[in-house]
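Whatever order the structure lists ligands and atoms in, that order sets their numbers, starting from 1.
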Amino acid sequence: MAPPAHAPNAPFPAKRKGSMEKSDRIITIDGPAGSGKSTLARNLAQALGWSCLDTGALYRAVALVADERGLTPSQASEAGALAASLDIRLYVDGSETLVVVGDRDVTGLIRSPGISSLSSRFSAIPEVRGALLGLQRSLGQKGHLVAEGRDMGTVVFPLAGLKFFLTASPETRAGRRQLQLAREGVFVDPLDILSDIEARDYADSNRETARLEPAEGAFHIDSTDMSLFQVETIMIGEAKRVFGP
Ligand code: DC
């Protein structure tokens, strides 16, 4: 197993604000649920020899623990305090990101449809987003990172050297999600996946804070009629063009 892609939950160092250059070796991938971000981020990172960061896993971990502790998304300050207190670690293991909270492996639990929907609701809370911002930025401090989520290029790493915005039709994304879940042994009605994806698209794109939208200058890819391999090839080519071979 690779070493933890984790650093202490430290605030973003002030000096870095001024010193961060547009050429920073960070690649951001933003896009809606099921657009292929996680797989592409992992494959791109592997091709470049960089680390990758699945920020959706952080929001999912917060939603899981909040739910277990009886919190609802209307309890903003309690949810923010909980997010700030959690020790969340991500370990990239082959094609999977293992998610550990404290000493508990929650990898399987956070991918359930219930937690998908709850994570969208908890992630709309500004206090939760603020609590996870320092952690995400500390993981990008050394550069050589492919970070994926909803606000990577707009909020978390605005000076990243290369930004992607991935989309695909909701039907295509639902089909991919169904396959991914089936591979993990979770069988869900495709129509339920589609309605979950549409509900999350709406919620993630219309919230007040860090809504899902393309970062300025982002390279847009609509993968509806493309294989993930084709998308990956374009992304690797673009990364080599920007950062060198
Ligand atoms: O990428 P994902 O489906 O695992 O993300 C789960 C939820 O977390 C998603 O509905 C929106 C939220 N999220 C977010 O708001 N910001 C991020 N950077 C990543 C995920």
Side-chain angles (χ1 to χ4, degrees), residues 5 26-42 52-67 73 76 79-80 83 86 88 90 92 96-99 101 106-140 145-158 160 163-168 170 173-174 176-181 184 186 188 193-215 218:
I26 291 180
I27 297 175
T28 61
I29 307 178
D30 290 307
S35 57
K37 301 182 303 292
S38 305
T39 306
L40 289 161
R42 257 195 319 266
C52 78
L53 172 63
D54 169 358
T55 58
L58 302 176
Y59 288 98
R60 285 171 181 272
V62 169
L64 174 76
V65 179
D67 188 46
L86 290 180
I88 310 174
L90 305 179
V92 178
E96 193 181 24
T97 296
L98 302 181
V99 185
V101 179
V106 296
T107 311
L109 292 174
I110 62 167
R111 301 286 166 196
S112 73
I115 295 301
S116 295
S117 141
L118 266 184
S119 63
S120 180
R121 296 179 63 204
F122 276 104
S123 70
I125 300 173
E127 288 87 340
V128 169
R129 304 202 73 83
L132 295 181
L133 187 60
L135 169 61
Q136 294 170 82
R137 286 184 173 162
S138 70
L139 295 172
L145 181 75
V146 181
E148 59 99 349
R150 303 294 188 288
D151 59 343
M152 297 297 98
T154 49
V155 175
V156 181
F157 300 116
K163 301 177 183 183
F164 290 103
F165 191 77
L166 291 184
T167 54
R173 291 186 280 123
R176 287 179 190 157
R177 189 62 109 190
Q178 189 197 7
L179 270 181
Q180 182 193 358
L181 287 170
E184 291 161 11
V186 182
V188 187
I193 299 182
L194 182 60
S195 64
D196 166 68
I197 275 188
E198 288 176 335
R200 284 209 287 148
D201 281 358
Y202 183 82
D204 296 345
S205 307
N206 289 283
R207 63 189 179 207
E208 291 293 315
T209 316
R211 64 174 62 102
L212 170 65
E213 58 189 352

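For a threshold of 3.5 Å applied to N or O pairs, the pair formed by D151 and ligand 1 contains at least one separation below that value. In terms of polar-atom proximity, defined here as any N/O pair under 3.5 Å, D204 does make such a contact with ligand 1. The shortest N or O to N or O distance between R200 and ligand 1 is below 3.5 Å.
Given atom 16 (N) of ligand 1, the protein heavy atom at minimum distance is R129 NH2, 3.0 Å. Counting only heavy atoms of the protein, atom 8 (O) of ligand 1 lies nearest to Y59 CB, 3.6 Å. For atom 7 (C) of ligand 1, the closest heavy atom belonging to the protein is S119 OG, 3.3 Å. Of the protein's non-hydrogen atoms, R60 NE, 2.7 Å is the one closest to atom 4 (O) of ligand 1. If you check which protein heavy atom lies closest to atom 20 (C) of ligand 1, you get G56 CA, 3.5 Å.
Here S120 has heavy atoms under 4.0 Å from ligand 1 in both its backbone and its side chain.
R177 places no side-chain N or O within donor-acceptor distance of the main-chain N or O of R173, the cut-off being under 3.5 Å. In this structure a side-chain-to-backbone donor-acceptor pair under 3.5 Å is present from S119 to S116. Judged by distance alone, with hydrogens and angles left aside, the side-chain atoms of Q180 form no donor-acceptor pair with the main-chain N or O of R176 at under 3.5 Å. Of the possible polar contacts, none joining the R200 side chain to the S117 backbone as a donor-acceptor pair under 3.5 Å is found. Using modelled atom types, one side-chain atom of R60 and one backbone atom of I110 make a donor-acceptor pair closer than 3.5 Å. Side-chain atoms of D30 never come within 3.5 Å of backbone atoms of F165 as a donor-acceptor pair (strictly under, hydrogens ignored). In terms of modelled atom types and a separation under 3.5 Å, the side chain of T55 and the main chain of E148 share a donor-acceptor contact. Between the side chain of S35 and the backbone N or O of P32 there is at least one donor-acceptor pair closer than 3.5 Å.
Salt-bridge formation is detected for the pair D151/R129: a Lys NZ or Arg NE/NH1/NH2 atom is positioned less than 4.0 Å from an Asp or Glu carboxylate oxygen.
Shown here are the side-chain contact (heavy atoms from CB on, under 4.5 Å) partners of S195, two or more places apart in sequence or in another chain: there are none.
Less than 4.0 angstrom separates some heavy atom of R207 from each of these atoms of ligand 1: 14 (C), 15 (O), 16 (N). Residue M152 has at least one heavy-atom neighbour below 4.0 Å for each of these atoms of ligand 1: 18 (N). Residue-ligand proximity, S123 to ligand 1, at heavy-atom distances under 4.0 Å covers atoms 11 (C), 12 (C), 15 (O). Ligand 1 places these atoms under 4.0 Å from at least one heavy atom of T55: 17 (C), 18 (N), 19 (C). Within the listing of ligand 1, atoms 3 (O) sit less than 4.0 angstrom from a heavy atom of R177.
Heavy-atom separations between E148 and ligand 1 are all 4.0 Å or longer.
Closest heavy-atom approach to atom 2 (P) of ligand 1 within the set K37, R121, R150: this belongs to R150.
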